[in-house]
Protein chains: 2
Amino acid sequence: MATTRSARAQRLENVALELFASQGFDETTVDELAVAGGVGRRTFFRYFPTKLDVVLGELDDGLAALVAALAGERGDDPVAAARAAFLAINHYAAAELPALRRRLGLIEDVPELAARATVRYRDWESALATDAARRWGEDPASLRAQVFGRAVVAAMRAVFSAWHARPEADADALGALVDEAFDALSRGFASP
Amino acid sequence: MATTRSARAQRLENVALELFASQGFDETTVDELAVAGGVGRRTFFRYFPTKLDVVLGELDDGLAALVAALAGERGDDPVAAARAAFLAINHYAAAELPALRRRLGLIEDVPELAARATVRYRDWESALATDAARRWGEDPASLRAQVFGRAVVAAMRAVFSAWHARPEADADALGALVDEAFDALSRGFASP
DNA sequence: CTGGCGGTGGCACCGAGTGCCGCTTAGCGT
DNA sequence: ACGCTAAGCGGCACTCGGTGCCACCGCCAG
């Protein structure tokens with residue numbers, strides 16, 4: 001977040017998402033991305049370590065933000081803290097939503113992207129587990145904390161998936177889904 | 001599980017896991033795997049669509065087993081059904097544990113394997129969501145059901161991770177961890 | 001003017017994965 | 001026993017993602 005990524009990276013990203021949308025992810029080679037971005041192939045890989053990271057790039061700025069947001073939350077209920085942190089992080093301007101939608105669409109139906117995304121989430125999971133353990137006064141390695149961390153991320157994936165599935169859902173709808181998902185986690189899945 | 005995979009595939013798999021353990025996953029090329037298995041490189045790819053699948057191969061026999069086990073469970077509590085189904089599926093003989101351990105170890109610390117594994121789990125997630133929706137009498141697309149499916153898989157990942165972290169844990173320990181994880185899901189994460 | 005220095009990108013290389021095709025071999029009918 | 005067919009095998013060549021190396025260009029400092 002420190003410095004805005006160079007304008008060039010931004011342009012590369014836009015052009016790439018454009019091509020992915022029109023041709024498909026697998027059908028677009030890095031060579032095409034490079035020429036379309038007016039840059040050498042070698043240089044492309046200096047901006048993005050992987051073709052996948054063009055799509056996922058911004059997502060992991062989120063980790064630092066998540067940790068910060070969690071640190072700012074008081075109270076001893078990790079679910080409430082996590083919910084608040086996520087709502088704080090995922091506050092998108094209306095203009096950003098179409099781009100978000102495109103990204104989510106790609107992530108959903110290009111398996112390799114989904115895979116890479118979940119690897120990124122591992123850090124989120126452990127950050128959430130650590131936070132929960134702290135609030136509970138438990139060992140962060142405790143199974144419950146670990147399950148919590150992973151379950152929260154799982155819930156967020158479900159939220160994004162559901163949001164993406166409703167074509168006209170807006171930012172408020174996203175918030176509502178987050179609430180619903182966290183309620184489920186909080187209450188547990190026993191009985192009704 | 002239906003027909004035992006050809007003896008050749010089995011041998012290939014053993015040799016490969018051996019090499020992975022001694023040299024590391026990334027440091028072992030498919031060429032090496034092929035020669036070590038006494039087979040052409042091209043043939044290797046007929047047995048395993050991907051180098052990754054050598055490690056993950058058996059895991060997705062599990063899907064069919066999971067679905068079958070879920071279908072066999074009665075009652076309207078999806079957590080109980082899922083727990084029972086998982087315990088039924090993950091009933092390993094003592095002799096299998098070392099191999100399981102090696103696999104889990106690879107999956108844990110080769111990010112690409114972890115990624116691929118989670119993609120495989122998507123089918124599990126949706127199977128679990130569908131099952132839960134049926135027992136609750138809800139729409140399988142409902143957010144709660146989706147969260148449930150993903151959370152259960154998340155819990156299982158935590159279980160395997162915790163089990164793998166304790167060097168001398170046996171099959172009973174695995175069962176205990178499963179119980180603990182499912183209890184957490186059932187009760188929810190509110191308060192202590 | 002000159003000597004670093006960071007960004008660039010060409011080139012060559014590696015490894016995974018795929019299509020094609022010729023070969024072996026096992027199985028079959030006659 | 002003989003030939004034919006079909007399936008599995010594996011070599012070859014190719015694509016594409018990703019990396020190391022290095023030569024080049026522009027910039028600022030001395």
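Letters go in sequence order (proteins before strands), and every chain restarts at 1. As a basis for the values below, the full set of heavy atoms in this structure was taken, side chains included, without hydrogen atoms, waters or symmetry mates.
A tilted orientation is assigned to the rings of B:F48 and B:F44, their planes being inclined by 30° to 60°.
Expressed to the nearest 0.5 Å, how far CG of B:N90 lies from CH2 of B:W163 amounts to 10.0 Å. Atom OG1 of B:T50 and atom CG of B:L56 lie 9.5 Å apart (nearest 0.5 Å). The line from CZ of B:R83 to CE of B:M156 is 11.5 Å long, rounded to the nearest 0.5 Å.
Ionic pairing of A:E18 and A:R102 is present here: one or more N-O contacts between side-chain nitrogen and carboxylate oxygen are shorter than 4.0 angstrom. Salt bridge absent: A:D183 and B:R144 never bring a charged side-chain N and a carboxylate O closer than 4.0 Å. Remark: A:E96 does not engage A:R103 in a salt bridge, criterion side-chain N to carboxylate O under 4.0 Å.
The phosphate of C:dT8 (OP1 or OP2) has a side-chain N or O of A:R8 nearer than 4.0 angstrom. At C:dA16, none of the side-chain N or O atoms of B:T50 fall inside 4.0 Å of OP1 or OP2 (strictly under the cut-off). An OP1 or OP2 oxygen of D:dG8 is reached within less than 4.0 angstrom by no side-chain nitrogen or oxygen of B:Y47. Using a 4.0 Å cut-off, no side-chain N or O of A:R42 falls inside it from OP1 or OP2 of D:dC21.
The interatomic distance linking A:R41 (CZ) with D:dG20 (P) rounds to 14 Å, in whole Å. As a whole-Å value, the separation of A:E112 CD from D:dG17 P is 10 Å. Spacing between atom CD of B:E27 and atom P of C:dC14 amounts to 17 Å, rounded to whole angstrom units. Atom-to-atom, CG of A:D31 to P of D:dC14 comes out at 17 Å; the value is rounded to the nearest Å. Atom CZ of B:F44 and atom P of D:dC9 are 14 Å apart (whole Å). The distance between atom NZ of A:K51 and atom P of D:dT15, rounded to the nearest whole Å, is 16 Å. If you take CZ of A:F48 and P of D:dG18, they are 13 Å apart, rounded to a whole angstrom. The distance from atom CG of B:L52 to atom P of C:dG15 is 16 Å, rounded to the nearest whole Å.
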Q.
Using a 4.0 Å heavy-atom cut-off to protein, can you give one letter per nucleotide of nucleotides 22-27 of chain C, 5' to 3': B if the base is in contact, S if only the sugar-phosphate is, - if neither?
A. ------
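Candidate nucleotides D:dG17, C:dA16, D:dG10 were compared by shortest atom distance to the side chain of B:V39, and D:dG10 ranks first.
Looking at heavy-atom distances under 4.0 Å, A:T43 makes contact with a base.
Interface remark: the A:R46 side chain does form a donor-acceptor pair with the C:dG9 base, using a distance-only criterion of under 3.5 Å.
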